[in-house]
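Below: the structure, in structure tokens.
Everything numeric in this text was worked out from a predicted model, so none of it was measured.
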Amino acid sequence: MNSFDESDAFEGASLSSRAMAARPQPYLDGLNPEQRLAVETMDGPVLMLAGAGTGKTKALTTRIVHLLNTGRARPNEVLAVTFTNKAAREMKTRVGTLLGQQVEGMPWLGTFHAICVKLLRRHAELIGIPGTDLTLNSNFTILDTDDQLRLLKQLVQAAGIDDKRWPARQLAGVIDHWKNRAWTPDKVPAAEAGAYNGKAGALYKQYQRRLIELNAVDFGDLLLHVVTIFQTHDDILQQYQRWFKYILVDEYQDTNVAQYLWLRLLAGGHKNICCVGDDDQSIYGWRGAEVGNILRFEKDFPGAHVVRLEQNYRSTPHILAAASGVIAGNEGRLGKELWTEAQEGEKVRLIGHWDGEEEARWIGEEIEAMQRGTRGQRPHGLDDMAILVRASHQMRAFEDRFLTIGLPYRVIGGPRFYERMEIRDAMAYFRCVTSPSDDLAFERIVNTPKRGLGDKAQQKMQVTARQNGVPLIEGARLLLEDKGLTGKGARELQVLLDGLARWGRMAGDKSISHIELAEIILDESGYTEMWQNDKTPEAPGRLENLKELVKALENFENLTGFLEHVSLIMDNESEESGEKVSIMTLHAAKGLEFPAVFLPGWEDGLFPSQRSMDESGLKGVEEERRLAYVGITRAEEICTISFAGNRRVFGQWQSSLPSRFIDELPEDHVDVLTPPGLYGGGYGAAGMAGSMGGVQNSIDARVQEANVYNSPGWKRMQARAGNRPTSQPRESTSPVIDMAAASSHTVGERVFHQKFGYGEIVGLEGDKLEIAFDKAGTKKVVARFVTSPDDVPF
DNA sequence: TACGGCTGTATTTTT
DNA sequence: TACAGCCGTA
């Protein structure tokens, strides 16, 4: 498997280049000049800066078609990567449509992860543990987050660490982070290895070793391992460099370091790489995405052609102007100005409410009015409307309200089908059958349903397995043989092991379809029965999901194929019927569009989120601002922004100020609405100031600022627009943004310490600081070991 | 082993 | 407030 044989290594060359060369190019006709340029500039590096709604997918798919049609590459020589399966699917379909034929051979169009699995299966044995002969095997399993966490927990406990104080979750986060940066255990900088109780570095190493012993990889490994192979085996890298004649990357602003390295390595030869993205829509910094990748593109690839797609086909001019106004507050942008030929339409609507409930009530009424078309607009169906929130807990107010008024809604996001407990359990059974050495799967199901095999019994199996150097299932069998387990548990375990063995034989029996087999497994194991006997309200739904799971098997040849697919695809394709308003987070809304969009909860602390600002300072605010930009640009015709003066947070009433982003909305494109029930004038009018006391006056002042556009804050903003971010520090915002100016620290300042994490300064003593750390308690540390949260290198 | 009450904590999420 | 994860008890 180590040697590289082109004849069988690459599947699917279904279109010969010669046959394609003379074809006409009608697909170019529908493109605007910029899109056309992006399609026709085929050689060398190209950066396609595609603003929201500018037809980026069209340009990208047409480019692929053009490459094929002009004979530059065969379908299997084009590497096209996306982040989500949805995007990959869409590209595949659209390429097929444009080409007017089914493209059998685009085996290298897929997500980063899917493509890496393919690559890694070919070269798995090159990944090993130094100093041992342990290596990965090409039939490795891909662990889901649950398995990963279970494994880490074992390691943490084995290391004698108190996993209450130091949750395995946190360690998982650290490791994930390192993998995103393409750091193998030996590459983790010493300064970072001390995270998590000082043991993260050592635990990471153990974890990687354990994974290989289990012949398993986690999601991060898929990229990390392939990058490692490319870095250490130049011959292999070169072969792929030659094979992939053209590389295309979607959502480039979302790439992390590992993905970036992966791309650079693969494009290193011919540099025919086309990256598509929008720096203004980079909203995944918190999970490792580096906006810097797209900002640096021209440096990374000297001589790159940069094409800007700026003609927007989605929104009205007012909406675009509002979005531009907000995003102008960010520094270091590549710069784009969206324009449109669309009718002027309505201004962005801004409205403030007394509290979150009123906001939900008002939006509910608005939606009903829009449905009827009584608001002067054309009537809109519920499918045309969406509510986009910053954090999922905000959804509750809307769900409550919509339930009481009987307005149909759907929540997008949330737990995915394949992440549900019953689905994971069922799949763990399948895994045990198809690969009897899958310890983690066995651990998951050994006592599900309850078989009287608790911690104690499981411990014994683990020990037996370790002592004999065999997988857990085998260990369990040995334990029974040696009579190390007795009574009910022993009998039940025997039944389970016999079952697994029997099902394993059936899997090899051609007369039984894998669908029947799946049903047999779920029945005979008692798993279905477990839910049938369960009287909680969720049980029927879970049984329903299990049925759906079995149905999904129809699309696959066998269980193994299905499991491989599922480990990479976590889609939620439940197509509910009927017109419904969509409720989702801003993150989930990226890439979508709706005629009418509601953006509630624009309050400082909620949006921009306090946590984001605390942890990432100015960078955090900028990412939040991009989120605002994404939100506004989802709207085609009507965009309604709102905020509430009071909100229940964790059961307590809190009052807050309108979001700083509201200050940044350009006056000319905003229409400030008066909430019903608050007669006596709009914002800033005496009536309202009178009706709201105390804290409300300050809200009022801010509202007036947003409304009248002549306040000092507003003028300051105008002066700085396009220059510096407008956000002025507020008392409520604790991070000290500029460390240069803060050579001496102050009490109350948020800081970051390499070892102890984030904390707040509670005392000063010469060059020492007393800091109350979020996680590590109060400690005295030397001042030079702490940095401002936004200086933290990750 | 299994359940109920207690405590601590509380973005954003794909693969 | 709400929920998950832990501990103590039956």
Side-chain angles (χ1 to χ4, degrees), chain A residues 81-88 110-117 142-145 148-149 153 162-165 167-170 173 176 179-180 217-224 250-251 254-256 258-259 282-289 356 388-397 400 412-416 418-419 447 449-458 487-489 492 564-572 584-591 601 605-616 620 623-624 626-628 630-631 647-654 774-775:
Chain A
V81 268
T82 63
F83 275 86
T84 63
N85 292 298
K86 197 174 155 203
T111 63
F112 275 102
H113 295 267
I115 289 169
C116 282
V117 171
I142 303 162
L143 300 191
D144 63 30
T145 348
Q148 192 186 356
L149 222 49
K153 209 165 188 171
D162 177 8
D163 64 343
K164 251 193 323 197
R165 238 181 104 106
R169 254 207 140 62
Q170 193 188 332
D176 191 51
K179 289 187 175 177
N180 285 161
V217 300
D218 65 20
F219 279 116
D221 283 336
L222 292 174
L223 269 139
L224 179 68
D250 193 17
E251 306 281 16
D254 288 339
T255 50
N256 61 32
Q259 288 154 342
S282 163
I283 55 174
Y284 286 107
W286 50 272
R287 69 177 195 210
L388 312 182
V389 297
R390 173 67 246 264
S392 40
H393 66 252
Q394 293 173 259
M395 295 178 181
R396 201 202 165 92
D400 285 352
I412 311 247
R416 271 151 263 287
Y418 290 114
E419 277 169 12
N447 201 32
K450 299 270 180 276
R451 296 190 173 88
L453 297 163
D455 280 351
K456 224 172 27 181
Q458 290 189 40
K488 179 168 171 281
E492 295 257 24
E564 165 83 23
H565 172 80
V566 163
S567 62
L568 288 172
I569 308 238
M570 292 285 184
D571 277 359
N572 205 9
M584 70 189 91
T585 63
L586 286 162
H587 284 92
K590 196 169 98 164
L606 182 58
F607 186 47
S609 110
Q610 191 60 51
R611 184 152 168 188
S612 176
M613 295 188 286
D614 285 352
E615 286 180 7
S616 316
E623 184 154 309
E624 298 281 309
R626 292 192 289 265
L627 213 38
V630 167
R647 205 173 278 281
R648 257 162 101 118
V649 184
F650 305 141
Q652 287 191 315
W653 282 100
Q654 265 183 12
D774 300 353
K775 299 266 161 60

(message) Measuring from the side chain of W286(A) (C-beta onward, heavy atoms only), which nucleotide among dT11(B), dT13(B), dA2(B) has the closest atom?
(response) dT13(B)

(message) Using whole Å, what does the distance between atom C1' of nucleotide dT14(B) and atom CG of L223(A) come to?
(response) 12 Å

(message) Treating E623(A) as the side-chain partner and G620(A) as the backbone partner, does any N or O pair qualify as donor plus acceptor under 3.5 Å?
(response) no

(request) Could you tell me the separation between the CD atom of E624(A) and the C1' atom of dT11(B), rounded to a whole number of Å? (result) 8 Å

(message) Between dG5(C) and dT12(B), how many Å separate the two C1' atoms, rounded to a whole number?
(response) 23 Å

(request) Using whole Å, report how far CG of D254(A) lies from C1' of dT13(B). (result) 11 Å

(message) Considering every strand and a 4.0 Å limit on heavy-atom distances, what is the contact class for I115(A): base, sugar-phosphate, or nothing?
(response) nothing

(message) In whole Å, measure the gap between the C1' atoms of dC3(C) and dT14(B) for me.
(response) 24 Å

(message) Measuring only between side-chain heavy atoms, which start at C-beta, is Q654(A) closer than 4.5 Å to L606(A)?
(response) no

(request) Could you say whether G452(A) or R611(A) is positioned toward the 5' end of DNA chain B, judged by the nucleotide with the nearest heavy atom to each? (result) G452(A)

(request) Answer yes or no: is there a side-chain heavy-atom contact under 4.5 Å between H587(A) and L627(A)? (result) yes

(message) It should be established whether S392(A) places a side-chain nitrogen or oxygen under 4.0 Å from OP1 or OP2 of nucleotide dT12(B).
(response) yes

(message) What is the distance, to the nearest angstrom, from the CG atom on N256(A) to the P atom on dT15(B)?
(response) 14 Å

(message) Does dT14(B) have OP1 or OP2 under 4.0 Å away from a side-chain N or O of N85(A)?
(response) no

(message) Heavy-atom nearest nucleotide on DNA chain B for L453(A) versus E623(A): which residue maps closer to 5'?
(response) L453(A)

(request) Whole angstrom is fine here: how far is it from CG in D614(A) over to P in dA10(B)? (result) 13 Å

(message) Measure CG/L388(A) against P/dT12(B) and give the value in whole Å, please.
(response) 15 Å

(message) Checking contacts here: which listed nucleotide (dT15(B), dT11(B), dT13(B)) is nearest the side-chain heavy atoms of T84(A)?
(response) dT15(B)

(request) Return the value, rounded to whole Å, for the distance between atom CG of D144(A) and atom P of dT15(B). (result) 14 Å

(message) Any base atoms under 4.0 Å from E251(A), or only sugar-phosphate, or nothing? Heavy atoms, all strands.
(response) nothing

(request) May I ask you to verify if any side-chain N or O of T585(A) is less than 4.0 angstrom from the OP1 or OP2 atom of dT13(B)? (result) yes

(request) Hey, could you give me the CG/CG distance between D144(A) and L149(A), rounded to the nearest 0.5 Å? (result) 10.0 Å

(request) Please check if the side chain of E624(A) supplies one atom and the backbone of S609(A) the other of a donor-acceptor pair under 3.5 Å. (result) yes

(request) Specify whether F219(A) and H113(A) have parallel, tilted or perpendicular ring planes, treating 30° as the upper limit for parallel and 60° as the lower limit for perpendicular. (result) perpendicular

(message) Quick one, K179(A) and D221(A) - any side-chain contact, counting heavy atoms below 4.5 Å?
(response) yes

(message) Return a single string for nucleotides 1-8 of chain C, one symbol per nucleotide in 5' to 3' order, where B is base contact, S is sugar-phosphate-only contact and - is none, cutoff 4.0 angstrom on heavy atoms.
(response) BS---SS-

(message) Rounded to whole Å, how long is the line connecting atom CE of M584(A) with atom P of dT12(B)?
(response) 15 Å

(message) Quick check: closest heavy atoms across M395(A) and I412(A), and the distance to 0.1 Å?
(response) CE-O, 4.5 Å

(request) Could you please name the option among dT11(B), dT13(B), dT14(B) that lies closest to any side-chain atom of H587(A)? (result) dT13(B)

